[in-house]
Structures are given as structure tokens and as C-alpha cells.
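The figures that follow rest on heavy atoms only: side chains count, while hydrogens, waters and symmetry mates do not.
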Amino acid sequence: MDYASQLPDEVLSYILERMTLKDVVKTSILSRRWRYVFASMAKLRFSLDTIGVFNYYLDHTCHPYYQRKFLQVVNQFLQLYLGRRKVVVDLEMHIFIVRELSSEFGQLMHSVSQLGVERLHLNFSCGKFFPTSGAIDLCPNMFFEFSLELLSQASSLKYLSLSVCIVKPSVTLRLNSLKSLFLTSVLVKSGQLESILSSCLNLSQLIIKHCKLPLELCISGAVRTVLFADCGGLKEIDLQATNLRRFECLFDDKVRFYFSSVPSLERVKIGLRGDASMPYIFGEFATNIPAQVKSLIVTAFYTQATHLPTEMQIFGNLRMLALLFESTYDSDIVKVSPVLDACPVLQYLDILQHKTYRQKARGSHIRSPLSPTYHTELKEVRFGGFHGTREEIELAIYILTSATVLDQMLLSQYSIGPYYKAYYGHDIWEKREPERVSIQHLLLGQAVSSSTVVIIQ
Amino acid sequence: MVKLKSNDDKEFEVEEAAVIQSEMIKNMIEDGCATSVIPLPNIDSKTLIKVIEYLNKHINMGKAAETGEEDDLKEFDEQFVNMGWEELFDVIMAANYLNIHELMELCCQSAADRLKNKSVRAVREMLKITNDLTEEEEQEIINDAPWAFEGPEIDDTVN
């Protein structure tokens with residue numbers, strides 16, 4: 001009695017999806033029943049490991065013999081699928097290939113189109129790590145050039161992820177089914193992203209990570225969410241996307257923003273490395289940001305926190321503001337107070353300190369006491385990474401004495417909200433309970449609103 | 001408490017918090033179709049006992065992550081899948097029917113691990129498969145994907 005005979009192909013395919021391709025294909029010779037079981041797999045993963053080859057190269061490349069072998073094996077395998085008229089929902093490929101193998105690769109993409117693939121992940125590297133945008137810039141010829149034209153027949157494709165390559169757009173191409181596009185470690189040359197966007201008229205989500213970008217970019221089309229992370233090279237970005245709701249970015253340098261046409265933009269998250277960025281964000285950027293933007297998250301790294309300007313432009317309509325201080329050094333958190341004054345209708349404020357390094361007071365911090373500007377809308381303040389330092393308490397008092405309708409102030413040693421974790425160690429208040437209670441009393445006594453709740457945890 | 005009935009007419013009481021890890025039963029409860037006993041015509045009592053054991057252990061998954069009992073749970077999982085092929089396939093069928101994602105994942109991964117790098121002969125013996133292919137058919141299969149049958153011979157043991 002065959003143990004597996006009771007299992008339908010769909011269930012057996014769950015097991016096969018967790019095996020290497022070599023072991024999977026070997027099941028076709030077990031018996032007549034097993035001959036085409038493998039073709040029920042809806043998810044396919046191709047890499048050198050899964051075809052039983054050990055790659056001894058340490059970088060993202062591999063021996064040319066293996067590149068050819070890989071393409072041959074995958075092409076043969078997909079032919080078996082096509083012969084069974086099967087549909088593949090999700091296909092992932094992890095291989096470095098040289099540009100000379102474009103025609104073999106083209107054949108593979110032809111099969112992908114015929115198989116009705118919905119989610120396609122192409123990573124043109126054998127390595128586990130993604131090269132940085134700087135590394136891509138150093139030797140662009142080392143990267144495979146992926147021509148989007150190869151997907152012109154892929155009418156089921158909804159999700160495309162391209163990694164470690166150069167993308168060659170096409171003016172006439174239309175990828176109308178595509179909803180999400182991910183680019184990771186891709187060298188984007190001038191005009192290319194614009195051309196890609198004009199080919200993908202129904203694109204909803206664009207995510208770009210570790211990419212080397214051209215000096216100028218223009219985001220247009222139907223896209224609703226755009227996210228840039230750890231990208232370099234860019235100097236100016238123009239947003240002209242009428243459906244854009246959410247824009248998040250982390251750029252390696254200061255980037256100038258133009259909000260040409262973003263009537264739907266509501267949520268912005270911005271992080272620009274370099275000391276010149278804070279004066280820019282709270283100056284020109286604040287002036288230009290569209291009035292309907294209600295939520296803003298600003299990330300400050302290293303010494304950026306010490307460059308918060310004292311005079312700021314007004315964020316006239318901002319309801320939600322989060323300030324994330326990451327790995328900041330010797331910063332004086334009280335300097336945040338002008339930011340608060342620049343947001344007259346703010347309702348929710350989050351401040352999160354993560355890995356802040358403090359030096360012992362150099363000289364005395366003599367400063368004239370903060371004179372409050374009244375905040376008549378502020379309802380909730382959350383402060384993550386709060387350790388009860390003098391500056392933190394001073395800022396808390398400033399808020400409490402100026403926020404007339406504050407419901408709650410949460411001061412937590414841990415992270416808050418949906419942001420990264422702030423603190424992992426032991427409970428800092430465990431041995432300082434009386435101090436915690438006295439800070440709480442002190443703060444509560446300062447609140448102008450009698451209904452304010454102060455929580456320290 | 002929710003009552004489940006196996007196909008050999010045995011009834012089992014399970015806490016609702018445990019049983020809703022099954023998407024199928026969760027949907028039944030949400031739709032108000034789980035008022036009395038839920039009959040499970042595809043699952044025998046021996047398999048159902050195993051599944052309930054898993055559900056009860058994994059009831060507080062979230063809590064375990066907080067209190068550092070993850071290792072304990074991992075050890076349980078390792079012990080849990082330590083069963084014969086026939087039993088493993090029964091649990092997989094039950095997990096698939098009841099739509100218990102984590103259990104399906106655990107058992108399918110265990111099955112895949114056991115088959116890893118095994119020779120064709122070894123897999124046939126482990127799963128008690130009778131080869132009914134003719135020599136010509138076998139050759140055809142090899143010709144379709146010669147690369148899969150090349151290389152140094154692999155693990156020929158059957159455990």
C-alpha cells in the first residue's frame with residue numbers, strides 16, 4: 001500500500017515546494033502516479049542550490065558553465081510544465097548571468113509569459129546580499145541588462161521584483177496587468193524610471209531599495225504608494241502622480257522635492273542623510289508640502305538632530321507628526337520644541353529615540369526657560385525611548401504646559417507605535433520606582449489641562 | 001468549548017481558543033454553524049487526537065514568544081513530527097482539510113526534509129511505492145530532465 005496514494009496532487013505539491021528542484025524532478029520516476037505530480041506546484045524557486053550545484057564563488061557571480069547549465073535546466077523544466085498546460089502563480093529565480101546569455105534567458109521569459117505567472121522575482125545574483133548603490137555605480141557592466149520587452153506577452157503578471165541588474169525600458173511596451181514593481185540594487189539611469197512608469201499604466205505600488213538613481217527623477221502615472229529606501233545619487237525629485245497617497249523615502253543625500261501634482265498625497269515619511277537636511281525639511285520642504293498632507297514622519301540620523309533649525313516654516317495642516325531619532329549623538333531633545341510650534345493644528349505627536357548616545361554635560365546647559373506657544377489641538381503625545389533625563393523631562397513639561405486639550409502623554413522606555421524597536425534591555429524603572437513616581441507627579445502637576453493622563457512605563 | 005466528532009463517532013471537547021487555529025472551524029463559528037457537534041467525516045480519532053494535541057500546545061503561541069518559551073515549542077514541534085509516514089500523511093490530510101496553516105507547514109517541511117537527497121530507490125521503499133513504469137517510460141523521463149538524474153549517487157538509506 002502506497003502511503004502517499006491518499007494524498008491529492010495539490011497536497012503533495014506543498015511538500016514538493018519545500019524540496020530542491022533536483023529532488024522534485026526525481027519524484028517523476030517513482031511510479032506512473034508520480035510522473036506529473038511535480039507539475040502541480042504553483043510556486044517555483046530556481047537557484048543553483050535547488051538544481052544541486054554548489055557555487056564556490058564568494059561574490060554575486062558564478063562560473064559561466066553553471067550559468068549555461070542553470071538556464072538549460074530551467075528551460076527544460078518549464079518545457080515539462082508547458083507540456084502539461086499548467087499555471088505557475090509564483091516564480092522566483094536567483095542566478096547571475098552574463099549578457100551574452102540573453103537569448104537563452106529570453107527563451108525562459110517566453111515560457112514565463114506562457115505559464116501565466118502572476119508573481120515574478122528575478123534576482124540576477126548568486127549572493128545572499130544585495131550590492132549597495134555605490135557598488136553598482138563602480139562596475140555597471142558587471143550587471144545583467146534586463147529588457148522589459150521580454151515581458152510584453154506576460155499578460156497575467158501582477159507583481160514584478162527585479163534585483164541586481166540594469167532595467168532596459170521600452171517606449172512602446174504596455175504592461176497593463178502589473179500592480180506592484182520592486183527594484184532592488186538596480187542601476188537606474190536618467191529617464192529610465194519615467195519610461196518604466198509610462199509602460200505600467202495600472203501600477204499601484206513602487207518600491208525601490210539600494211538603487212543608484214540618476215540626478216533627477218519624476219514620479220508619474222497611476223501609482224498610489226511609492227517607497228525609496230537606501231538609495232543614492234538623486235538630487236531632485238518631482239512628484240506628478242495624481243493617485244499618490246503614500247510616499248516614503250530614505251535617501252543617502254539631501255534631495256530637493258517638487259510636489260507638482262499630488263492632489264491625493266496624505267502620508268509622507270522622509271529621511272535624508274547629511275546635516276543640511278534638517279534645515280531643508282523644516283524650511284523649504286515644509287513650505288512646499290501640499291496642504292492636504294496630514295501625516296509626516298521625519299527620521300533624523302547621527303548628528304542631524306543637533307541641526308534642527310530654531311526658526312521654521314509652518315506646517316499649516318499637519319495633524320500627525322512623528323520624529324524618529326536614530327543613532328543620534330549628544331542631541332538635546334529640547335530642540336524639538338520649535339518643531340511643535342511650527343505645527344499649529346497638530347493632534348498626534350510621536351517622538352522616538354533609538355540608540356541615542358549622550359555625553360556627560362559639557363559645561364552647563366544654561367538656557368532661558370521655554371516660553372510656551374499654546375497648542376490647542378494636540379490630543380496625544382507618545383515618547384518612545386524615554387529614560388527620564390533632564391532634557392526629556394524639560395520637553396515633556398514644555399508640552400504639558402502648552403497643550404490645552406491633551407488627553408494622554410505616554411512616556412515609554414520601549415518603542416511606540418509601528419516604528420522600529422527602541423529598547424530591548426532590562427526594565428530601567430525596576431530599581432528606580434520612586435524616581436518614576438516622582439517624575440510622574442512632577443509632570444502631572446504641570447499639565448494645563450486637568451484631564452491629561454501621564455503614563456511613564 | 002467546541003465539540004468535534006471523528007469519523008469513527010468519537011467526540012472530543014476542545015477550547016475555542018485552540019480550535020480557531022483551524023480556519024475552517026473558525027469560519028464555521030463565525031457564521032454560527034458550530035452550535036452543537038462539528039462532524040469531521042475525513043478524520044479518524046487517532047489522527048484527531050494528534051491534531052488536538054498540536055492545537056492545545058500552540059494555543060498560546062503569542063504568549064510563548066513573550067515569555068521566552070519559544071524553545072519549548074520548537075522542541076514540541078520536533079517531537080510531534082517524529083512519527084511514521086502513514087501517520088504523517090494522515091495529519092497532513094487533516095491539517096489541509098481543517099486549514100491549519102502552521103501545522104500544514106510543520107508536517108510538509110518534515111516530509112520534505114525526510115526526502116531530501118534520497119535516491120529514487122530509497123524513496124520508493126520509504127513510501128512503499130511500487131514502480132509500474134516500463135523501462136521505456138523511465139528512459140523518457142530521464143531524457144526529459146537528464147540533469148536531475150546525474151551526479152554522484154545520493155543518500156540510499158531509508159530512515
Side-chain angles (χ1 to χ4, degrees), chain A residues 1-39 41 43 45-46 48-54 65-66 68-84 414, chain B residues 42 47 83-97 101 103-135 137-155:
Chain A
M1 170 65 181
D2 177 350
Y3 291 151
S5 60
Q6 56 155 330
L7 272 66
D9 288 4
E10 295 77 48
V11 175
L12 286 176
S13 75
Y14 292 134
I15 299 171
L16 297 183
E17 277 168 14
R18 290 165 175 78
M19 292 163 49
T20 69
L21 199 61
K22 193 167 179 172
D23 282 342
V24 165
V25 174
K26 272 161 46 197
T27 63
S28 63
I29 205 166
L30 290 170
S31 70
R32 197 158 286 152
R33 154 84 212 276
W34 279 89
R35 183 154 181 189
Y36 294 109
V37 170
F38 74 89
M41 289 191 297
K43 258 189 214 171
R45 304 263 173 276
F46 302 107
L48 286 178
D49 306 339
T50 67
I51 65 164
V53 168
F54 173 72
Y65 172 78
Y66 290 148
R68 282 187 189 282
K69 167 126 183 163
F70 177 90
L71 290 171
Q72 191 194 352
V73 161
V74 176
N75 272 324
Q76 271 177 5
F77 185 81
L78 294 182
Q79 286 307 314
L80 291 175
Y81 254 75
L82 286 168
R84 303 295 297 168
Y414 303 109
Chain B
N42 301 334
T47 308
M83 52 177 115
W85 279 104
E86 213 175 345
E87 206 179 347
L88 183 70
F89 284 148
D90 283 341
V91 175
I92 288 177
M93 283 301 282
N96 186 51
Y97 174 67
H101 183 77
L103 180 59
M104 191 71 184
E105 175 78 36
L106 175 69
C107 294
C108 287
Q109 189 59 54
S110 169
D113 291 345
R114 293 179 198 196
L115 297 174
K116 193 183 162 126
N117 262 333
K118 291 288 180 188
S119 69
V120 172
R121 193 201 67 79
V123 177
R124 279 194 194 124
E125 196 176 325
M126 287 159 81
L127 301 182
K128 301 270 177 278
I129 296 168
T130 319
N131 178 18
D132 53 359
L133 292 162
T134 63
E135 246 171 69
E137 285 172 321
E138 281 197 22
Q139 199 51 53
E140 207 181 292
I141 292 167
I142 293 170
N143 291 345
D144 275 345
W147 56 274
F149 302 94
E150 285 166 1
E153 194 42 284
I154 22 218
D155 186 355

Checking [X] against chain A: side chain, backbone, both or neither under 4.5 Å from a heavy atom?
X       : result
T134(B) : both
M104(B) : side chain
D132(B) : both
D113(B) : neither

Got a donor-acceptor contact below 3.5 angstrom from the [X] side chain to the [Y] backbone?
X      : Y       : value
D23(A) : N117(B) : yes
R32(A) : L133(B) : no
K69(A) : W147(B) : no
K22(A) : E150(B) : yes

- Please state whether the side chain, the backbone, both or neither of L80(A) comes within less than 4.5 Å of a heavy atom of chain B.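 Only the side chain of L80(A) comes within 4.5 Å of chain B.
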
How far does [atom1] of [X] sit from [atom2] of [Y], to the nearest 0.5 angstrom?
X       : Y       : atom1 : atom2 : result
W34(A)  : L127(B) : CH2   : CG    : 6.0 Å
I92(B)  : Y14(A)  : CD1   : OH    : 11.5 Å
Q139(B) : I29(A)  : CD    : CD1   : 8.0 Å
R124(B) : T27(A)  : CZ    : OG1   : 11.0 Å
F89(B)  : L12(A)  : CZ    : CG    : 6.5 Å
Q6(A)   : E86(B)  : CD    : CD    : 8.0 Å

- Message: For the interface with chain B, which of A4(A), P8(A), G83(A) has the highest count of heavy-atom pairs at distances below 4.5 Å?
- Response: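 Going by pairs under 4.5 Å, I would pick A4(A).
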
- Item | Interface residue of largest heavy-atom contact number with chain B, from I15(A), T20(A), L16(A), under 4.5 Å |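 Most heavy-atom pairs under 4.5 Å with chain B: I15(A).
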
- Query: Are any non-hydrogen side-chain atoms of C108(B) and E17(A) less than 4.5 angstrom apart?
  - Reply: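 Side chain of C108(B) against side chain of E17(A), heavy atoms only: no contact under 4.5 Å found.
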
- Query: So M19(A) and K118(B), side chain to side chain contact (heavy atoms under 4.5 Å, CB included) or not? Walk me through it.
  - Reply: CA-CA 11 Å; M19(A) 292 163 49; K118(B) 291 288 180 188; over 6 Å; no

- Query: For the residue pair R35(A) and D144(B), what are the closest heavy atoms and their distance?
  - Reply: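 Where R35(A) meets D144(B) most closely, the heavy atoms are NH2-OD2, 4.4 Å.
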
- Message: So which atom in P146(B) and which in Q76(A) form the shortest heavy-atom distance, rounded to 0.1 Å?
- Response: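 What the structure gives for the nearest pair is CD-OE1, 3.7 Å.
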
- Query: How would you list, by chain and number, every residue that makes a side-chain hydrogen bond (donor to acceptor under 3.5 Å, both in side chains) with Q72(A), sequence neighbours excluded?
  - Reply: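 Residues passing side-chain hydrogen bond (donor to acceptor under 3.5 Å, both in side chains) with Q72(A): none at all.
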
- Task: Evaluate whether atom CZ of R45(A) has more than 12 neighbouring non-hydrogen atoms of other residues, nucleotides or ligands under 6.0 angstrom away.
- Result: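 Yes - once you tally the heavy atoms of other residues, nucleotides and ligands closer than 6.0 Å, there are more than 12.
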
